[in-house]
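Structure first, then comments.
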Number of protein chains: 2
Amino acid sequence: MLETIVERLQEAGHRLTKPRMAVLQVLETGGEHLSPAEILARGQAIYPALSRATVYRTLELLSELGLLRLIHPGEQRSSVACVAMHHHGHHHLLCIHCGCMIPFEECVVGELEATLSQRLGFEIKGHLLEFYGLCKECRGHQKVEQ
Amino acid sequence: MLETIVERLQEAGHRLTKPRMAVLQVLETGGEHLSPAEILARGQAIYPALSRATVYRTLELLSELGLLRLIHPGEQRSSVACVAMHHHGHHHLLCIHCGCMIPFEECVVGELEATLSQRLGFEIKGHLLEFYGLCKECRGHQKVEQ
DNA sequence: GCATTAATTGAGACTTTGTCTCAATTATAT
DNA sequence: ATATAATTGAGACAAAGTCTCAATTAATGC
């Protein structure tokens with residue numbers, strides 16, 4: 001996985017620097033939902049001089065290469081950066097009351113993806129399917145609280 | 001449409017203030033993809049004293065009532081706030097190169113929504129389906145540019 | 001291994017976004 | 001009209017993200 005990314009970076013003529021490698025390492029081991037701030041913190045554990053600017057630059061670079069996709073950047077409470085290295089798509093439910101996030105596996109976009117891709121000439125690299133509403137618990141509390 | 005929202009606000013015991021009405025008016029006429037900053041600017045054209053805090057507070061309120069959903073808050077280049085008043089779902093393709101956004105109408109989540117809702121006890125109020133990749137034009141340019 | 005060179009970096013200033021507090025205002029019920 | 005509690009604007013604050021520039025460093029060719 002990391003190897004693939006490294007290859008694609010080099011193919012595209014980018015250098016394999018230590019700060020960059022630190023970010024990649026964090027992304028590989030950190031799961032799909034890290035915020036830039038978390039990536040910075042974890043990255044500095046590997047390469048202490050790592051700067052915020054470099055984290056953003058690396059994320060942007062990977063993004064341009066289609067290896068990664070930031071979702072909900074800037075959002076604070078919930079997880080923020082979402083890595084598309086692991087899967088092609090991301091699926092979850094978000095509670096608009098407590099902010100909790102429940103992932104699910106079912107993917108129903110395959111056919112649609114092909115249709116859209118063809119119709120619009122779009123090269124699709126990934127997707128995000130997100131439902132929002134009230135989770136089981138908040139559904140009950142809702143009326144009592146307010 | 002605006003009437004519905006006004007009703008739901010009052011039902012829930014919230015006041016119909018001028019700043020709030022200004023925001024609602026902007027949301028009603030501004031389409032589905034306004035950023036909080038844009039909402040503030042347009043709102044101030046209607047009610048000059050409108051403050052940023054009030055915009056955020058109103059968006060949060062509407063969000064809690066399930067009338068609205070902010071997507072990609074904090075993101076700068078592309079549109080940010082996404083209003084769920086108009087439709088139940090939002091569907092678009094995002095180009096990771098130029099940032100353009102192409103909406104589409106097809107919705108394939110109905111059945112899945114019912115399944116998840118039942119399985120997890122989640123009360124689903126809306127959804128976002130977003131594909132990302134390269135648009136027709138960027139797909140061509142990509143290799144030439146770099 | 002060593003020098004060259006262009007890409008990359010860190011630091012930190014800066015901008016923008018979002019949150020919070022508090023005194024002043026205002027919509028609503030009476 | 002008055003009382004009262006919700007709502008507001010201002011502005012301080014915090015966090016997120018961008019940008020510049022001089023210093024560093026990875027890759028290339030020797």
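Chain naming here is simple, since letters A, B, ... match the order of the sequence lines and numbering starts at 1 in each.
Side-chain N/O atoms of A/Arg57 and base N/O atoms of C/dG10 include a donor-acceptor pair closer than 3.5 Å.
Between B/Arg15 and B/Ala37, the one whose closest nucleotide on DNA chain C sits nearer the 5' end is B/Ala37.
Remark: B/Ser51 pairs with B/Thr54 by the side-chain hydrogen bond (donor to acceptor under 3.5 Å, both in side chains) rule, at least two apart or across chains.
Distance alone, capped at 3.5 Å, is enough to place a donor-acceptor pair between the B/Arg8 side chain and the B/Leu65 backbone. Using modelled atom types, no side-chain atom of A/Arg52 and backbone atom of A/Leu40 make a donor-acceptor pair closer than 3.5 Å.
For B/Met21 and D/dT7, the CE to C1' distance is 15 Å, given to the nearest whole Å. The nearest whole Å value for the distance from the CG atom in A/Leu59 to the P atom in D/dG17 is 10 Å. Between B/Leu40 atom CG and C/dT17 atom C1' the separation is 12 Å, expressed in whole Å. When the P atom of C/dA29 is taken as reference, atom CD of B/Gln10 falls 8 Å away, rounded to whole Å. Across the protein-nucleic acid pair, B/Glu38 atom CD and C/dT16 atom P stand 14 Å apart, rounded to whole Å. If you measure from atom CD of A/Glu64 to atom C1' of C/dT8, you get 15 Å, rounded to the nearest angstrom. Rounded to whole angstrom, the span from the CG atom of B/Leu24 across to the C1' atom of D/dT7 amounts to 14 Å. Atom P of nucleotide D/dT28 and atom CG of A/Leu16 are separated by 11 Å, given to the nearest angstrom.
Listed by first and then second residue, the ring-ring contact (aromatic ring centres under 6.0 Å, His included) pairs involving residues 39-61 of chain A amount to none (not counting sequence neighbours).
Note on A/Val26: it clusters hydrophobically with A/Leu9, by side-chain heavy-atom contacts below 4.5 Å among ILVMFWY residues.
Evaluated for a side-chain hydrogen bond (donor to acceptor under 3.5 Å, both in side chains) with B/His91, the options B/His127, B/Glu106, B/Glu130 yield exactly one hit, B/His127.
Checked against C/dG10, D/dG9, D/dT18, the side chain of A/Tyr56 finds its nearest nucleotide in D/dT18.
Counting only heavy atoms from C-beta outward, the side chains of B/Leu128 and A/Phe131 never approach each other to under 4.5 Å.
Contacts of B/Arg52 with the nucleic acid, taken as non-hydrogen atoms under 4.0 Å apart, include base atoms. Here B/Arg20 lies in heavy-atom contact (under 4.0 Å) with sugar-phosphate atoms only.
For B/His14 and D/dA6, the shortest distance from a side-chain N or O to OP1 or OP2 is not below 4.0 Å. Checking the phosphate oxygens (OP1, OP2) of D/dT25, no side-chain nitrogen or oxygen of A/Thr17 falls inside 4.0 Å.
Near DNA chain D, meaning a heavy atom under 4.0 Å from it, residues 43-51 of chain B has B/Tyr47, B/Ala49, B/Leu50, B/Ser51 in order of number.
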